[in-house]
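In what follows, a structure is listed as structure tokens, so that the remarks can point back to it.
Counting convention: from 1, in listed order, for ligands and their atoms alike.
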Amino acid sequence: MLTTNVTVGNKPFKPLITEAELQTRVRAMGRQITTDYSDRNPVLIGVLKGAAIFLSDLIREVKVPCSMTFMRIKSYSGTQSTGKISKELEFTEDIEGRHVIIVEDIVDTGNTARFLFEELKKHRPATIALATLLFKPMALLYPFKPDYTAFEIGNDFVVGYGLDYDEHGRNLKDIYVMESVS
Ligand code: 5GP
């Protein structure tokens, strides 16, 4: 169905990926995970808040026994003298020996994904893979690729299907891209 332009947090956005296209690709990703994990029981770990809706849809397309949980990244500024932003993972689940699939809404620079791999490794899972709804390959700063990607997109800011602009727009069923103001 054709969707129209929307305003999210006072900014204009135009349609990029429709609900139907999202469903098709999420279904395909679920099938692929089902095949790849046919002899394992993965645990899908969603990164809050952006991946909540994607994970809810994805896990229903995975047809092997699996479980799900969420984690959150807390960012806070370091001392004024360092001016550094520190990150901390809020996650208490026991995943030792488990087959983990990190579920992200979007991989942009790859900073978050790299941080999550490093942090989760400390919990000694058997394997770790990364499934992302969106991937901006042109923004990536590291030589790695998500194991599962639904859509590759350009370097533009998007909202909808769980992704927000200042907490607005998560409830949109389609994905929208910010219109460049010239
Ligand atoms: P990273 O740069 O670490 O790969 O991505 C960091 C985070 O930035 C993502 O998890 C996501 O929350 C946010 N982000 C990056 N690009 C976009 C975008 O186009 N739209 C929205 N809503 N968030 C984004």
*Looking only at distances, please establish whether an N/O atom of ligand 1 is found under 3.5 Å from an N/O atom of Gly110.*
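Looking only at distances, the answer is yes, because the N/O contact criterion of under 3.5 Å is met.
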
*Kindly confirm or rule out an N or O of Val159 lying under 3.5 angstrom from an N or O of ligand 1.*
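Val159 vs ligand 1: no N/O contact under 3.5 Å.
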
*Tyr148 and Asp36: side chain to side chain donor-acceptor pair (under 3.5 Å), yes or no, with the steps?*
CA-CA 11 Å; Tyr148 304 95; Asp36 295 349; 2.6 Å; yes

Considering only non-hydrogen protein atoms, determine which one is nearest to [atom] and report residue, atom name and distance to 0.1 Å.
| atom | answer |
| --- | --- |
| atom 14 (N) of ligand 1 | Ile106 CG2, 3.7 Å |
| atom 6 (C) of ligand 1 | Thr112 OG1, 3.3 Å |
| atom 2 (O) of ligand 1 | Thr109 OG1, 2.5 Å |
| atom 20 (N) of ligand 1 | Val158 O, 2.8 Å |

Below 30° counts as parallel, above 60° as perpendicular, anything between as tilted: where do the rings of [X] and [Y] land?
| X | Y | answer |
| --- | --- | --- |
| Tyr37 | His99 | perpendicular |
| Tyr165 | Phe13 | tilted |
| Tyr161 | Phe54 | tilted |

*Evaluate the side-chain proximity of Glu21 to Thr24: yes if any heavy-atom separation is below 4.5 Å, no if none is.*
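Not touching, per the 4.5 Å side-chain cut-off.
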
For [X], state whether at least one heavy atom is located under 4.0 Å from any atom of ligand 1.
| X | answer |
| --- | --- |
| Ile153 | no |
| Lys136 | yes |
| Gly50 | no |
| Tyr165 | no |

*Go through the steps for Lys11 and Glu179 under the test salt bridge (charged side-chain N to carboxylate O under 4.0 Å, His left out), then give the verdict.*
CA-CA 8 Å; Lys11 292 264 193 282; Glu179 290 200 85; over 6 Å; no

*Part of Leu134 with heavy atoms under 4.0 Å of ligand 1, whether side chain, backbone, both or neither*: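 Leu134 to ligand 1: no contact under 4.0 Å from either part.
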
*Identify which of Tyr142, Phe157, Phe135, Tyr176 has a heavy atom lying nearest to atom 18 (C) of ligand 1.*
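When every heavy atom of Tyr142, Phe157, Phe135, Tyr176 is considered, Phe157 comes closest to atom 18 (C) of ligand 1.
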
*Polar side chain donor-acceptor pair, Asp57 to Gln23, under 3.5 angstrom*: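 On atom types as modelled, these side chains do not qualify, holding no pair under 3.5 Å.
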
*Side-chain donor-acceptor pair present, Thr109, Arg114, cut-off under 3.5 Å*: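 No, no side-chain donor-acceptor contact under 3.5 Å.
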
*Verify atom 4 (O) of ligand 1: protein non-hydrogen atom under 4.0 angstrom away*: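 It does; a protein heavy atom is within 4.0 Å.
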
*asked:* To the closest 0.5 Å, what do you measure between CD1 (Ile95) and NZ (Lys121)?
replied: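 So the CD1 of Ile95 and the NZ of Lys121 are separated by 12.0 Å.
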
